[in-house]
Amino acid sequence: MVFLLGFLPIYLMSSAVVVAMLSFITKNRAIYVAFSAASSLVAFIVSLYILSLTIGSSILVYRYGGFPAPLGIVYTVDKLSGFLATLSMFMLLLTSIYSSWMIRSRWLYLYYLLLFLMATGSIGCLYTGDIFNFFVSLELLAISSYALTAFYRDSPRAIRAALRYAISGMIVTSLYLLSTFIIYGSFGTLNMADIALKARNPSIPVAFTGTAFGDVVISSKVAVALITWVFLFKSAIFPLNFAWQPYAYSEAPTPVAAAFTAISDTVGLYGLIRFFYTLFGYDSIIGDFRTSILQLLQIIAISSAFVGALLMSFQRDVKRFIAFSTMVHLSFALLGISLGNVEGIASALLHILSNTLGDSILFYLAGISIVSCGRRLECLGTLKLWRISIIAFGGGVLNLFGVLPVFIGFWGKALLVLSSIRLGTVVYAVLTLFISGVTAIGYFRVLHQISISKANADQLTVRDVTIPHTLALTLLVVTIVLGMGFSLYRPLMDFVLSIGFEVMNDYSIYIARTLTGNLGQ
Amino acid sequence: MFLERVSWRASKRRPRYMSDLLASLAFRTAMIAFVFNIAIALYGVLSRPSLVKKFLCLVAFTDSINIFAVFIGFRYTPGAYPSPPILEAIPTSPAEVETLINTSVDPLPQAMILTAIVIGIACSIFLLTLILMYYRHYGTTNIHEAEEGEEPHAEAL
């Protein structure tokens with residue numbers, strides 16, 4: 001069943017094309033929606049199946065065109081990429097359904113086209129085992145995100161946000177290309193497993209690519225330094241997120257802003273994990289350089305979380321508020337990655353998961369108030385018209401705040417604190433708790449704002465809110481079930497920890513499976 | 001590093017021909033020009049207020065990176081011209097294969113540049129469309145002028 005790895009991106013790409021072709025036959029919105037929801041449901045099921053395969057046989061390898069690993073492009077999927085891809089496809093499914101309610105534009109088919117292209121880029125980035133193929137997928141992901149940001153092209157602010165995002169994004173992806181060339185120039189290969197092998201032992205000969213040559217250490221350092229900045233940009237960490245994130249999140253259509261976290265931002269964090277653990281691990285030739293970069297990343301992550309928490313507490317625009325909340329959570333995820341132990345990586349994954357779910361609840365319900373009133377925080381008072389909205393919104397906020405153990409958000413923070421205590425750096429545990437306390441100002445300010453704002457039922461333009469309510473309640477149930485599951489059912493926690501363990505220690509299996517052609521299944 | 005990969009022979013061994021010396025000189029000049037090009041292009045993107053000039057600098061930036069990849073694939077052997085990676089005679093002899101391996105350039109970076117250029121064209125066209133829309137909204141492509149006359153609380157969905 002390994003062919004499914006190669007099937008999924010091609011399937012998503014052809015879904016995009018089919019949506020565009022449907023527009024020649026019919027202008028019926030219901031058909032676009034039905035097709036997109038159905039095909040994203042299939043994509044979600046396929047990615048879930050791939051995740052279940054990785055649990056059984058650890059690493060799956062799919063060779064494009066049957067070429068063996070360093071010669072051709074391979075897709076290599078371990079538990080980490082399987083997990084993140086499942087999350088990404090889950091958000092694609094929810095976004096497809098929610099967009100049918102939110103997007104009233106007559107260009108709905110172009111919207112779905114871009115959405116599927118973005119998902120293709122995301123899957124390509126997560127599954128690929130080749131750094132140049134990663135670049136191509138990254139560009140696909142990036143261009144479709146720029147275009148989705150500019151989807152409301154009649155709004156000058158949307159155009160400006162998209163221009164900001166596109167110009168800075170093009171610089172960054174070009175820098176990624178530069179570091180790809182540098183790696184190719186010194187390692188003579190583009191395959192991730194091959195680079196991982198040669199980064200540990202430069203003189204080892206590999207079929208088709210030979211040995212590394214020249215001063216591998218300096219070129220690896222240059223490439224890793226550039227790539228670190230690229231991924232910090234993609235995952236919206238503090239100094240670089242002001243280039244795009246608050247603007248893109250607030251000007252993109254609401255469903256897309258909810259999808260950015262899972263589909264686009266996680267790719268940056270995934271790339272960091274891949275490069276700092278699988279490719280250039282602690283025992284590679286740049287081990288000491290990597291350690292100092294990770295220490296720098298810890299400081300960046302803490303300051304980014306702190307700045308995000310402060311900025312969050314005085315936003316007047318609900319979408320910008322959620323954007324800064326995302327920034328805090330992704331910074332915590334970065335802290336987990338840079339701490340460099342099993343619990344840290346597990347906590348990063350849980351942060352990504354809980355932030356995706358919580359953000360989507362907030363965005364989906366805020367969509368109701370945005371449609372009927374506006375983007376100001378006071379408009380959230382509209383939600384008081386429905387009891388379900390208030391319950392789900394409160395649940396989403398509490399999940400993001402992450403203090404109650406019934407929500408999944410708690411376990412991310414708990415593992416992060418545990419990880420920093422294990423490492424002997426109690427200061428990070430204290431800072432994490434302190435910053436979580438600072439985020440409370442922002443979160444409870446929003447809840448307070450809802451309670452004091454007036455709900456005006458007369459001006460309400462939307463009557464049917466079944467879709468946002470169903471989706472938000474589904475997501476809330478998922479967060480609670482996962483949160484309770486982590487408390488009561490040990491194998492869930494073991495699964496997340498096993499991903500961390502695999503990332504930390506099993507790079508040799510990754511290399512061996514990819515290069516020796518032992519195809520697993 | 002990759003620099004040495006191309007120029008090590010020229011530095012370690014005494015060049016035999018005038019053309020070697022010239023080639024080495026040209027190579028170094030090109031590398032320095034590459035670094036300066038990247039720096040100037042980045043400066044242009046960051047500091048020019050006009051979006052069209054930003055776009056031009058961006059294209060210069062991506063293209064200098066693509067040219068850098070040509071240097072990665074280039075192989076310089078003193079006294080021999082680099083040849084394209086093509087075997088002319090079929091069936092071939094071991095001697096011809098050896099000559100090919102010793103003198104031909106690496107074709108893979110060129111394939112990568114081709115991909116990068118195609119992607120870059122898509123990006124450029126998209127960016128130009130955005131700049132055109134920006135111009136239609138604001139009547140100028142200068143970001144400083146455009147932001148002066150903007151109403152602060154424009155809202156979109």
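Chain letters run A, B, ... following the sequence lines, proteins first and then strands; every chain starts at 1.
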> Under a 4.5 Å heavy-atom cut-off, does chain B meet the side chain of Ala150(A), its backbone, both or neither?
Replying inline: side chain
> So how far is it from Asp154(A) CG to Arg136(B) CZ, rounded to the nearest 0.5 Å?
Replying inline: 11.5 Å
> CZ of Arg153(A) to CG of Leu130(B): how many Å apart, nearest 0.5 Å?
Replying inline: 11.0 Å
> Going by heavy atoms in the side chains, are Tyr184(A) and Pro109(B) under 4.5 Å from each other?
Replying inline: yes
> Among Val217(A), Ile171(A), Thr180(A), which has the most heavy-atom pairs under 4.5 Å with chain B?
Replying inline: Ile171(A)
>> Taking side chain as everything from C-beta outward and backbone as N, CA, C, O, which of these in Phe135(A) sits under 4.5 Å from a heavy atom of chain B? Side chain, backbone, both or neither.
In response: side chain
>> To the nearest 0.5 Å, what is the distance between CD1 on Ile119(B) and CE on Met170(A)?
In response: 10.5 Å
>> Pair Leu51(B), Ile167(A) - check side-chain contact (heavy atoms from CB on, under 4.5 Å), show working.
In response: CA-CA 10 Å; Leu51(B) 282 172; Ile167(A) 291 177; 4.1 Å; yes
> Relative to chain A, which of Ile131(B), Leu108(B), Val45(B) shows the most heavy atom pairs under 4.5 Å?
Replying inline: Leu108(B)
> Should the heavy atoms of other residues, nucleotides or ligands under 6.0 Å from OH of Tyr135(B) be counted, would the total exceed 12?
Replying inline: no
> Under a 4.5 Å heavy-atom cut-off, does chain A meet the side chain of Phe61(B), its backbone, both or neither?
Replying inline: side chain
>> How about OH on Tyr43(B), more than 12 heavy atoms from neighbouring residues, nucleotides or ligands closer than 6.0 Å, or not?
In response: no
>> Is Ala158(A) close to chain B through its backbone or its side chain, or both, or neither, when contacts mean heavy atoms under 4.5 Å?
In response: neither
>> Please give me the minimum heavy-atom distance between Tyr138(B) and Pro156(A), naming the atom from each residue.
In response: OH-CB, 3.3 Å
>> Just checking Arg106(A): does its CZ atom have more than 12 heavy atoms from other residues, nucleotides or ligands closer to it than 6.0 angstrom?
In response: no
> Of the backbone (N, CA, C, O) and the side chain (C-beta and beyond), which part of Ile65(B) lies under 4.5 Å from a heavy atom of chain A, both, or neither?
Replying inline: both
> Are Leu163(A) and Leu127(B) close enough, and set up right, to give a side-chain contact (heavy atoms from CB on, under 4.5 Å), and what steps lead you there?
Replying inline: CA-CA 7 Å; Leu163(A) 261 176; Leu127(B) 207 55; 4.1 Å; yes
>> Ignoring hydrogens, what is the shortest heavy-atom contact between Phe132(A) and Met112(B)? Give both atom names and the distance.
In response: CZ-O, 3.4 Å
>> Please report the interatomic distance CG(Leu178(A)) to CZ(Phe68(B)), rounded to the nearest 0.5 Å.
In response: 5.5 Å
> For Leu190(A), is it the side chain, the backbone, both, or neither that has a heavy atom closer than 4.5 Å to a heavy atom of chain B?
Replying inline: side chain
>> Rounded at 0.5 Å granularity, tell me how far OG in Ser186(A) sits from CD1 in Ile72(B).
In response: 8.0 Å
> Do any N or O atoms from the side chain of His137(B) and from the backbone of Ile159(A) form a donor-acceptor pair under 3.5 angstrom?
Replying inline: no
